[in-house]
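In this text, all values refer to a predicted model and were calculated from it rather than measured experimentally.
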Amino acid sequence: METIGLFGGTFDPIHLGHLRAAAEVRRRTRLARILFIPSYLPPHKTPGTAASPADRLRMVELACRRRAGFEASPLEVDAGEKSYSILTLRKVRALAPRARLFFILGGDAFLDIGPWREYEKVLRERFFIVTGRPGFDLERAREVLGGRLRDDIGPLASPGSLSGTAPPPTRVVLLPIRALDVSSTKIRAKVRRGEPVEGLVPRAVAAYIREHRLYRGRQEP
């Protein structure tokens with residue numbers, strides 16, 4: 001059975017922290033591929049401080065290029081509307097009806113799953129891989145939704161356990177990783193100050209930011 005990881009986010013811009021996390025998830029879980037899915041421009045973004053959806057998608061495409069098992073997906077950007085995980089899930093399911101799908105989330109993002117649209121359906125229908133980030137205690141994920149999911153959360157059983165014919169023993173897999181302490185916010189701030197961002201983003205992404213003069217607008221609040 002093909003296994004696909006769904007890695008969503010604004011990716012504003014995508015950086016080496018995102019890529020390192022995805023690479024470690026894929027190496028340890030043996031997922032067949034990971035789809036990087038940039039969201040459409042969120043309504044709370046301040047005009048002039050973020051790249052357009054098309055620019056963010058293009059940077060993800062550049063970052064995934066020549067990286068085995070990584071693919072950029074235009075599903076949410078092409079939709080041109082507010083992004084909801086349940087809708088993205090249905091679109092991916094239509095494209096890959098026989099695949100086993102895993103949402104890839106940082107532990108802090110998983111703790112905020114309650115406000116997701118139809119989150120109970122998402123939790124019931126799909127699996128999750130919840131990763132640790134710098135300074136985050138991954139065990140806190142067991143307390144999400146008041147601890148209601150505690151019996152459905154557990155560690156990765158073995159490197160190949162997500163791709164067998166039988167489903168994983170838990171719907172939410174906790175996976176500590178050696179994440180890089182890099183953030184898109186810090187990268188945008190460095191660009192505004194005229195500082196180089198090589199070493200924080202792929203070289204092709206750094207060149208794209210320079211060529212298209214991204215992130216040089218007014219300062220973010």
Show every salt bridge (Lys or Arg N to Asp or Glu O under 4.0 Å) that has at least one partner inside residues 90-100, sequence neighbours left out. R90-E118

Does the pair K82 and E76 meet the rule for a salt bridge (charged side-chain N to carboxylate O under 4.0 Å, His left out), with working shown? CA-CA 8 Å; K82 191 172 181 179; E76 293 188 358; over 6 Å; no

Identify the heavy atoms of R142 and I153 that sit nearest to each other, and give their distance. NH1-O, 3.2 Å

Are T170 and F127 packed together at the side-chain level, in the sense that at least one heavy-atom pair is separated by less than 4.5 angstrom? no

By side-chain contact (heavy atoms from CB on, under 4.5 Å), A32 pairs with (sequence neighbours left out) E2, T3

Interatomic distance, CG@L95 vs OG@S73, rounded to 0.5 Å, equals 8.0 Å

Between D12 and R56 (side chain of the first, backbone of the second, donor and acceptor by atom type, cut-off under 3.5 Å), is there such a pair? no

Could you pull out all residues at least two apart from P74 that satisfy side-chain contact (heavy atoms from CB on, under 4.5 Å)? L57, D78

Inter-residue atom distance Y84.OH - S39.OG, 0.5 Å rounding: 12.5 Å

Distance from T29 atom OG1 to I104 atom CD1, nearest 0.5 Å? 7.0 Å

Parallel, tilted or perpendicular: which one describes the rings of H15 and H18, with boundaries at 30° and 60°? parallel

Residue pairs, two or more places apart or on separate chains, that pass side-chain hydrogen bond (donor to acceptor under 3.5 Å, both in side chains) and touch residues 143-155: Y119-R148, E143-R150

Backbone N/O of A68 and side chain of R26: donor-acceptor pair under 3.5 Å: yes

Dump the intermediate steps for salt bridge (charged side-chain N to carboxylate O under 4.0 Å, His left out) on E24 and R178, then the final yes or no. CA-CA 8 Å; E24 188 159 352; R178 296 166 296 171; 3.6 Å; yes

Please identify each residue that fulfils side-chain contact (heavy atoms from CB on, under 4.5 Å) with D108, with sequence neighbours left out. R133, F136

Mutual orientation of the aromatic rings belonging to F128 and W116 [parallel < 30°, tilted 30-60°, perpendicular > 60°]: tilted

Qualifying ring-ring contact (aromatic ring centres under 6.0 Å, His included) pairs with a residue from residues 190-214, counting only residues at least two apart or across chains: Y208-H212

